[in-house]
Each structure stands twice: as C-alpha cells, then as structure tokens.
Amino acid sequence: MKVDVILGLQWGDEGKGKIVDFLADKYEIIARFQGGPNAGHTLVINGTKRVLHTIPSGIFREGCMNLIGNGVVIDPITLLKEINTLKADGIPVEDRLIIAKRANLILPTHKILDAASETSKGNAKIGSTLKGIGPTYMDKTGRNGLRIGDILDDDFMTKYELLKNKHLSLIQIYQYDFELEDMEKEWLSAITELKKLKLVESTYYIQDQLKNGKRILAEGAQGTMLDIDFGTYPFVTSSNTISAAVCTGLGISPKEIGEVIGITKAYCTRVGSGPFPSELNDEIGEKLRTIGKEFGATTGRPRRCGWMDIPALKYACFLNGVTSLVITKMDCLQAFDTFSVAEKYVYNGKESDELPFDLCKTEITTILKDFPTWGNQEISGNNVPNEIKTFISFVEKSLNVPVEWMSFGPEREKLIHFRAGEIIA
Ligand code: GDP
Ligand code: IMO
Ligand code: MG
C-alpha cells in the first residue's frame, strides 16, 4: 500500500480539515506530518462545527486511527484541551489517537520567545500565530529540542530545566515582559496526562500498517506558499509543508507516496504578513471575506482575500507532484455575477508565470481572466452548469491536473465528485 497525501496549495486554510474528514472513511490511518497548533482545521459534521489544531481530522471516524507524526511539534496544553473537548462530546479519543515519540515538544518558553521575537520585529513581523512554532523548530534543528518520548525518562525534569533556563537567558536579549509560572504549571500537568496516551515509535508502526495493507492518508497543515524553503520567505512557517515532508515527517520513503491531493480555494486568502500578488484591497476583497467568513480558525484574525493565483498554483502543483485537485468554497463565488483568476504575473516589465526569487521586493501586477458565475442554477447528477465546466476546464488546462472534487459549503457532505467536468457518483 501507499500513503496518500492531502495538502494545501495556497497560504493555508484551503479547507483541508473538511476534505480529510470526508475522505477519512476510505482510510484506516490519518496522519499529521508537520506543523503544530498553528493549524486550525474546521469540520462541520451534522451541523456542529469543530476546530482541530493538533489532532488529525480523522478523529470523528470510527475505525480510523489518528497519528500525530514525528514531524509535528506538540504543545501539551493545546493538545490536552483538544482531547478534553472531544471527550466531552463522546469521542473516544484515547482509542483513536497515537503520538510519535520523536515529535518535538513546544515549551511555555518557546511561546514566550515567539512573542518576544515578533514584538521586536515591529512592522516587519511575520504575523505568527504565536504558538511557539518557530522557536520549537529552531531547537529541533539546533539539536536542543525535547521530544515526546523524553517525558517517559527519569531525567525529563532535568532536561526541561536546562532548556527552559537557556530560553530564559535568550529572552533577555529582548525587552519583553512575561509571566511563566501559571503557564508552566499547566504545561507540567498536561505532560502528566500525555504520559497516559499511546506513545509509539511511529516509523515501525507505519511500516507494519503498510505491510498489512492498511490505507494511510497524510494530512498537511498550512500550505505550500508557507513552506520554509519554497514559500514567501521570510513570511512563512518553520516547517516544510510540501509532500516531500511526508517522508521526513512520518518516516517513509518517497517510493511509498501514492496520490497527492492538492486543495485550493476557488479564490485565495492569506492570514499574517507577506506578499500576496492577487490580493484585493477593495470592496470585492471585503465581500469575499464577508461571504467566505474569512477569519482565522486559530487566531480569529481577518484573512486577506484575493483571486485564485495560477502562477502560484502551478508552482505548488509541481513542488508537490499533485495528482488531483479539490476546489473549495465554490459556493462563495455565487454571490458575484462574475469572478476573476490571476492568470499571469507582470514584473520587471515582462509577463511571467514564475514566482520571482524575492517576491517580497518585487512589484507584481496580475493579468486577470474573468468568468461568469452560475447564479442559482442547480448542480446535480445530470446538470453541471456550463459556467462550472468552463472553469474546471480552464483550471485543468492551466495546471495540467484533473479537478476531482468541488466543495459547495462547509458541511461534510457538500462535496461533488467530478471527472472531466462531469459529475460521477
Ligand atoms: P484548513 O485549515 O485548510 O482546514 O481550513 P480552515 O478550517 O482554517 O478554513 C476553511 C474554512 O472554510 C472553514 O471555516 C470551513 O468550515 C470552511 N469551508 C470549507 N469548505 C467550504 C466550502 O466549500 N464552502 C464554504 N462556504 N466554506 C467552506
Ligand atoms: P492551517 O493548517 C493559515 C501563518 C501565520 C503567519 C505564518 C507563520 O490552518 O492551514 P507560525 O505560527 O507558523 O509562526 O506563523 O504562517 N500560518 C497559517 N496561516 N493557516 C495555517 O494553518 C497557518 N499556520 C501558520 O498566520 O503568517
Ligand atoms: Mg486553518
């Protein structure tokens, strides 16, 4: 068996949670492979909205095991809150969740360092979710990190104190007031709870499951344009978000990657600072934000809105080896008579569909292509409005990848399966 992948092709919030939840019933294991509680994945099941930050989006499916992989960074406080909320709703989380011992821990002082660093940047701030992601990955690559497996060691507290004290001296380079005591207490008590969960050597677990023919779906967090290497650096997150990270974040070889399902909204959003070539700083952007309810699932911040960006999607498709596309938020376009797509960039006096090295310093304008919307026409088995067929065909031709699914609402079931622009059962 192979590991299929679902990931975001834009700046995050493409609707990964909804799509993973929907497709999860075809898989036995759903595995997060990177990122941490900076993610906010929204699922709407039977009218109830849920937001997951660290727990994979297969947790509501009976018969699905959910793995938090080694590439993820875990804040015990957030994780425990998430577990308790789900348990209160009757979800048997402990039976459905396993955690890689190699996953790195977010310490309270990582969060303080994140906030201190952002504050010191002033107007140049990244717009981080302040969940401690950057400092934790820094400690991981700097070989100072604490891992989930370490909490079982007798000398865990010694290791913790050592790292905490290192952070406390680092924080002194910033002029930043903080309060550690309460956060530390909550964190240590969450660590005690974490010990009761299934902590595993996940690489062997995954290999065994693959050998036994189990189907595995890897769930990405953030999006390709936030990738630490290939995103709009430095306005990115601190992990690789592309499909290559599935190998390092779960411990599998490239040979074991199967389908790569890329998700894009029918338009584009970004939360936080950084370049956004197709951004709409006008009433259309405002309308997209209102209609699409574009407010961060983790921080509640308003998301910046713009049109779908074909050059960025082309880049994302080849970086990830995308084999099929899901387009979400189609329903939001219905509020308009027409919508647009950024087909090409213009910079340095030339047309291009390549992202320049320094997107942050390059003045980019976009060439837009306009499309009519399909108004209130019905979309059902034998009736796909021509306007939708035209849009699908344009996207497929531009990206050279088939559009397999389109999403028409936040609810689990509001998803239509297409092949070559026709609905399939
Ligand atoms: P994720 O981080 O990629 O999982 O996405 P988020 O949950 O942060 O943001 C996506 C938002 O869009 C959530 O509020 C979803 O409930 C919502 N959503 C997903 N698909 C659709 C759709 O097709 N239409 C509408 N209107 N909302 C959607
Ligand atoms: P999901 O998985 C959207 C953005 C932040 C900020 C930058 C760095 O829900 O799609 P970080 O907290 O990683 O230091 O923030 O990345 N960001 C996201 N934007 N969706 C996310 O996750 C994001 N995770 C981080 O807003 O600009
Ligand atoms: Mg999100």
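Positions are given from 1, in the same order as the sequence printed here. Order of appearance sets the numbers: ligands from 1, and atoms from 1 within every ligand. Side-chain atoms are counted along with the backbone in the values below, which use heavy atoms only and exclude waters and symmetry mates.
Looking at Glu14 next to ligand 2, no N or O pair under 3.5 Å apart turns up. Between Thr129 and ligand 2, at least one N/O pair is under 3.5 Å apart. An N or O contact shorter than 3.5 Å is missing between Val44 and ligand 1 by distance. For ligand 2, one of its N or O atoms has an N or O atom of Gly40 under 3.5 Å away. For the pair Asp13 and ligand 2, the shortest N or O to N or O distance falls below 3.5 Å. By the 3.5 Å distance cut-off applied to N or O atoms, Gly15 is counted among the residues near ligand 1. For ligand 1, none of its N or O atoms has an N or O atom of Thr328 under 3.5 Å away.
Contacts of Asp331 with ligand 1, taken as heavy-atom pairs under 4.0 Å, involve the side chain alone. Of the heavy atoms in Asp114, none comes closer than 4.0 Å to ligand 2. By the criterion of a heavy-atom distance under 4.0 Å, the side chain of His41, and not its backbone, is placed next to ligand 2. With a 4.0 Å heavy-atom cut-off, ligand 2 is reached by the backbone of Trp11 but not by any atom from C-beta on. Contacts between Leu226 and ligand 2 below 4.0 angstrom, taking non-hydrogen atoms only, involve the side chain exclusively.
Counting only protein atoms, the N, O or S atoms lying less than 2.8 Å from the Mg ion (ligand 3) are Asp13 OD1, Gly40 O, ordered by chain and residue number.
Ligand 1 lies within reach of Arg303, whose nearest heavy atom is under 4.0 Å from it. Residue Gly409 places a heavy atom less than 4.0 Å from ligand 1. Within the 4.0 Å heavy-atom shell around ligand 1 one finds Gly40. The shell of residues lying under 4.0 angstrom from ligand 2, judged by heavy atoms, excludes Lys131.
Summary of contacts: the protein heavy atom closest to atom 27 (O) of ligand 2 is Val271 O, 3.1 Å. Among all protein heavy atoms, the one lying closest to atom 10 (C) of ligand 1 is Asp13 O, 3.6 Å. In terms of protein heavy-atom proximity, atom 7 (O) of ligand 1 is nearest to Thr42 OG1, 2.5 Å. The closest protein non-hydrogen atom to atom 15 (O) of ligand 2 is Ser128 CA, 3.4 Å.
Of all atoms in ligand 1, listed by their number and element, those nearer than 4.0 Å to a heavy atom of Ser407 are 20 (N), 21 (C), 22 (C), 23 (O). Interface atoms of ligand 2 facing Arg301, defined by a heavy-atom separation under 4.0 Å, are 5 (C), 26 (O). Interface atoms of ligand 2 facing Lys16, defined by a heavy-atom separation under 4.0 Å, are 1 (P), 2 (O), 10 (O). If you number the atoms of ligand 2 from 1 as listed, the ones under 4.0 Å from a heavy atom of Gly272 come out as 27 (O). Near Gly17, with a cut-off below 4.0 Å to any heavy atom, the atoms of ligand 1 are 4 (O).
Note: Phe22 and Trp405 meet the aromatic proximity criterion, with ring centroids under 6.0 Å apart. Centroid-to-centroid, the aromatic rings of Phe371 and Phe394 come within less than 6.0 Å.
Considering Lys18, Lys265, Lys329, Lys414 only, the shortest heavy-atom separation from atom 18 (N) of ligand 1 involves Lys329.
Counting heavy atoms from C-beta on, the side chains of Leu67 and Leu250 come closer than 4.5 Å.
To the nearest 0.5 Å, atom CG of residue Asp370 and atom OG of residue Ser340 are 4.0 Å apart.
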Check the pair His53, Asp75 against side chain to side chain donor-acceptor pair (under 3.5 Å), reporting the backbone distance first and the verdict last. CA-CA 10 Å; His53 300 287; Asp75 179 354; over 6 Å; no
Begin with the C-alpha distance, continue with both residues' side-chain angles, and end with the deciding distance and a verdict on side chain to side chain donor-acceptor pair (under 3.5 Å) for Ser57 and Glu219. CA-CA 8 Å; Ser57 301; Glu219 172 180 0; 2.7 Å; yes
